[in-house]
2 protein chains.
Amino acid sequence: MPTPKKHPESKTIPEPVASRLPNYLRSFVGFEREGRSTVSSQDLAEATGIRADQVRKDLASFGSFGQRGIGYDVKKLDGTMREILGLNRAWRMALVGVGHLGMSLLQYGGFAKAGFRIEAAFDQDPSKIGWELEGVKIWPVQSLRQVVRDKQLEIGIVAVPSSRAQAVADALVDAGVKAVLNFAPCLITAPNSVLVRGVDLSSELEHLTYFLGKSKK
Amino acid sequence: MPTPKKHPESKTIPEPVASRLPNYLRSFVGFEREGRSTVSSQDLAEATGIRADQVRKDLASFGSFGQRGIGYDVKKLDGTMREILGLNRAWRMALVGVGHLGMSLLQYGGFAKAGFRIEAAFDQDPSKIGWELEGVKIWPVQSLRQVVRDKQLEIGIVAVPSSRAQAVADALVDAGVKAVLNFAPCLITAPNSVLVRGVDLSSELEHLTYFLGKSKK
DNA sequence: TTCTGTGAATTTATTCACAGCA
DNA sequence: TGCTGTGAATAAATTCACAGAA
């Protein structure tokens, strides 16, 4: 799903660069584990699959972190990127829909590490209400507005079927979230003041088959 | 995760257009349900969040399907796009990792509809082996090569932790898949003849917080 | 009219090539 | 020598604007 985004739109960092930042970030844990304090653009290229030229252009677009002949200071880069991506603080999230997808998000380790905290989960199924999974309590969807408001959650994750996605998104927006991450395979809309981003599994597969179809012929 | 792709690389359709195709495709089911046989670029814009100009440019890039003053024939467009995306046939897939994420993929309705069939699933956990979920049998990972080869599966889905992702991908490649969809938050590599695409949930969130951070200040 | 298709203009991103610092 | 930072060249994608078919 595309991000039909329009928003404050940074003047500072080009969109494509911003979307590559998470890749660099992820490669750092490996470098740090290896005890490396500096890395070259070449090293980053190998770790991320992004060309070395591009790496340098990207990093140069928000400052001069490298030392010629040496490379980049991993720690410093890591800190700067986290700041740019807004990861130097915790984000409070609401998860709506505790099916298997929702469950996998609850137990997904990567979130907590990056400061993403699911503070409350919601579901329609009465048999799930009240349970606590991975330390997160499950509430009835009816109480979504109330709970999200009370807990001041900022990001909403939509993990319900398409048919209910827009309604859930509306409720989240109404409750004051500033961004919505949508896993349902449909477009959802929200006021301009709220960011919406979609992740669509089918689209990813279709993208693959597009290339497969071509190479096949 | 970016797609460190390199491959046959179509000369026909620009990459960004191809990645928007799934969105158009998805909007068609709504139009067909409403009984509409033709739609304007404006209609498509509203349904997909893509600008009307862009819609026309996109569609024009692979043929003339519209009638001036009328619009586009939904059925015809649908058929053509499916063909372009390689959806006019079934794709046989292997799922590796039957945790919650794997489960959500197994039961995800969108796949079957688009011709994506998970023909076999694999897991390490002995207690899961032999079960059949959503009509799909679960095999031990040790038998991956054998089963994937025997069943001639073409696409592998990696839904295991990062630490095992590359090994699983290697086994899939060795067993003959032509493409790998990776859900682990790490880069995996494969020979050029095999397509790799990554889907990273954390990256999506980080992308959101990047914008949130900016609009905030 | 309505609505497409497309050339031309513009903006944006990638790639190249190399000057310059450690 | 090794590796960054960047200006210039190229390539690509988006936006605009309008001619022309139904």
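These values consider heavy atoms only, across backbone and side chains, with no hydrogens, waters or symmetry-generated copies. If you're wondering where the values come from, they're calculated on a predicted model, not measured in any experiment. Residue numbers begin at 1 in each chain, while the letters A, B, ... track the order of the sequences.
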Self-check item: Those residues that, when tested against A:D174, pass salt bridge (charged side-chain N to carboxylate O under 4.0 Å, His left out) (two or more places apart)
Solution: A:R145, A:R149

Quiz prompt | B:E154/B:R89 salt bridge by N-O under 4.0 Å criterion | solution = yes

Quiz item: Is any side-chain nitrogen or oxygen of A:S41 closer than 4.0 Å to OP1 or OP2 of D:dT4?
Solution: yes

Exercise. State which residues pass side-chain contact (heavy atoms from CB on, under 4.5 Å) with B:D78; sequence neighbours excluded, sorted by chain then number.
Key: B:L25, B:F28, B:R82

Quiz prompt | Whole angstrom value for the distance that separates C1' of D:dG5 from CD of A:Q42 | solution = 16 Å

Self-check item: side-chain contact (heavy atoms from CB on, under 4.5 Å) partners of A:Q124, counting only residues at least two apart
Solution: A:V141, A:R164

Quiz item: How does protein contact run along nucleotides 13-22 of chain D, one letter per nucleotide 5' to 3', with B for base contact, S for sugar-phosphate only, - for none, heavy atoms under 4.0 Å?
Solution: SSBBB-BBBS

Exercise. Verify the contact: side-chain N or O of B:Y72 to OP1 or OP2 of C:dG5, cut-off strictly under 4.0 Å; return yes or no.
Key: yes

Exercise. Return the set of residues passing ring pair (Phe, Tyr, Trp, His ring centres under 6.0 Å) with A:F111 (not counting sequence neighbours), or none when no residue passes.
Key: A:Y108

Exercise. Starting from C1' on D:dC3, measure out to CG on A:L77 and report it in whole angstrom.
Key: 14 Å

Quiz item: Can you list every ring-ring contact (aromatic ring centres under 6.0 Å, His included) pair that touches residues 54-75 of chain A, not counting sequence neighbours?
Solution: A:F62-A:F65

Self-check item: Atom pair distance, as rounded to whole Å: CG in A:L59 and C1' in D:dT6
Solution: 14 Å

